[in-house]
Visitor: 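Okay, here's the structure, questions in a sec.
Protein chains get the first letters and strands the later ones, always in sequence-line order, with residue 1 at the start of each.
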Amino acid sequence: GAVVSQHPSWVICKSGTSVKIECRSLDFQATTMFWYRQFPKQSLMLMATSNEGSKATYEQGVEKDKFLINHASLTLSTLTVTSAHPEDSSFYICSAKPGQGAADTQYFGPGTRLTVL
Amino acid sequence: QKEVEQNSGPLSVPEGAIASLNCTYSDRVSQSFFWYRQYSGKSPELIMSIYSNGDKEDGRFTAQLNKASQYVSLLIRDSQPSDSATYLCAVSRVNEKLTFGTGTRLTIIP
């Protein structure tokens, strides 16, 4: 149980284009999903917290107009990188949390590797 | 001061020995503690979660928590080459986001 999928697993795009990444919880309903970014040899950096049906909460320094997050259902959240540039190239990972409370763990998707040319 | 600190390593351990990974945290109100394993190029995978002081065992893995000392550790018994990875310690308050350490790179030497 507790499987999270991401699509696509990798994407290459031209500078200036937009890219959408999907995150799905396959066998549970996720009240909260998180989006992380990880650069090579660095730890995970939380970009935003997404709750179903409400606006995402962005971490300091993350441009909400550039990284659009939609959490339309309890099993799907999307991250759109708008007008991508080479510095946006990174490993984007989502995670999902089944419910409320301290006992709930975050389960991670397999990640999406974005390369912007 | 970093919120969650880990020795970056690399930590090298002979196959079959015990690997000991340590983590300290600064937020005294933290309630949930996790160890994730991350292979190169992959996303983190949950290894252990612990919420109460003491030890929690799961197979070859034992997590140890000491809230008074703000310290959490992970022991891996009978280390295998497949245990070679980066281990991330993560801490959170109730219903809040995870704060990750920078990870410890573990290498098991055959």
Visitor: Honestly curious: do B:Leu88 and A:Ile93 fall in one hydrophobic cluster under the side-chain, below-4.5 Å linking rule?
Guide: yes
Visitor: Return the minimal non-hydrogen interatomic distance between B:Ser43 and A:Phe108, and the atom names on each side.
Guide: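 That would be OG-CB, 4.3 Å.
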Visitor: Roughly how far, to the nearest 0.5 Å, is the OG1 atom of A:Thr49 from the CG atom of B:Leu98?
Guide: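 If we round to the nearest 0.5 Å, B:Leu98:CG and A:Thr49:OG1 are 9.5 Å apart.
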Visitor: Given a strict heavy-atom distance threshold of 4.5 Å, which part of B:Leu46 is in contact with chain A: side chain, backbone, both, or neither?
Guide: side chain
Visitor: For each of A:Arg113, A:Glu59, A:Met45, tally heavy-atom pairs with chain B at distances under 4.5 Å, and name the one with the top tally.
Guide: A:Glu59
Visitor: Hey, is NZ on A:Lys55 packed in by over 12 heavy atoms from elsewhere, all under 6.0 Å?
Guide: no
Visitor: Same cluster or not: are B:Phe33 and B:Leu75 linked, directly or through other Ile, Leu, Val, Met, Phe, Trp or Tyr residues, by side-chain heavy atoms under 4.5 angstrom apart?
Guide: no
Visitor: Is it the case that more than 12 heavy atoms not belonging to B:Arg37 sit under 6.0 Å from its CZ atom?
Guide: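 Above 12, so yes.
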Visitor: Does NE2 belonging to A:His85 count more than 12 external heavy atoms closer than 6.0 Å?
Guide: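 It does: A:His85 NE2 has more than 12 such atoms within range.
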Visitor: More than 12 heavy atoms of other residues, nucleotides or ligands under 6.0 Å from NZ of B:Lys67: yes or no?
Guide: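 It does: B:Lys67 NZ has more than 12 such atoms within range.
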Visitor: Where does B:Lys97 contact chain A at under 4.5 Å (heavy atoms): side chain, backbone, both or neither?
Guide: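 Both parts, backbone and side chain.
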Visitor: For the hydrophobic clusters of this structure (ILVMFWY residues joined by side-chain heavy atoms under 4.5 Å, transitively), does one cluster hold both A:Val116 and A:Val19?
Guide: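 Looking at the clustering, A:Val19 is in the same group as A:Val116.
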Visitor: Has B:Thr102 got a side-chain atom pairing as donor or acceptor with A:Ser43's backbone, closer than 3.5 angstrom?
Guide: no
Visitor: Could you look at B:Gln38 and say if it's the side chain, the backbone, both or neither that has a heavy atom under 4.5 Å from chain A?
Guide: side chain
Visitor: Side-chain contact, heavy-atom cut-off 4.5 Å: A:Gln106 with B:Tyr36?
Guide: yes
Visitor: Where does A:Gln6 contact chain B at under 4.5 Å (heavy atoms): side chain, backbone, both or neither?
Guide: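 The answer is neither part of A:Gln6.
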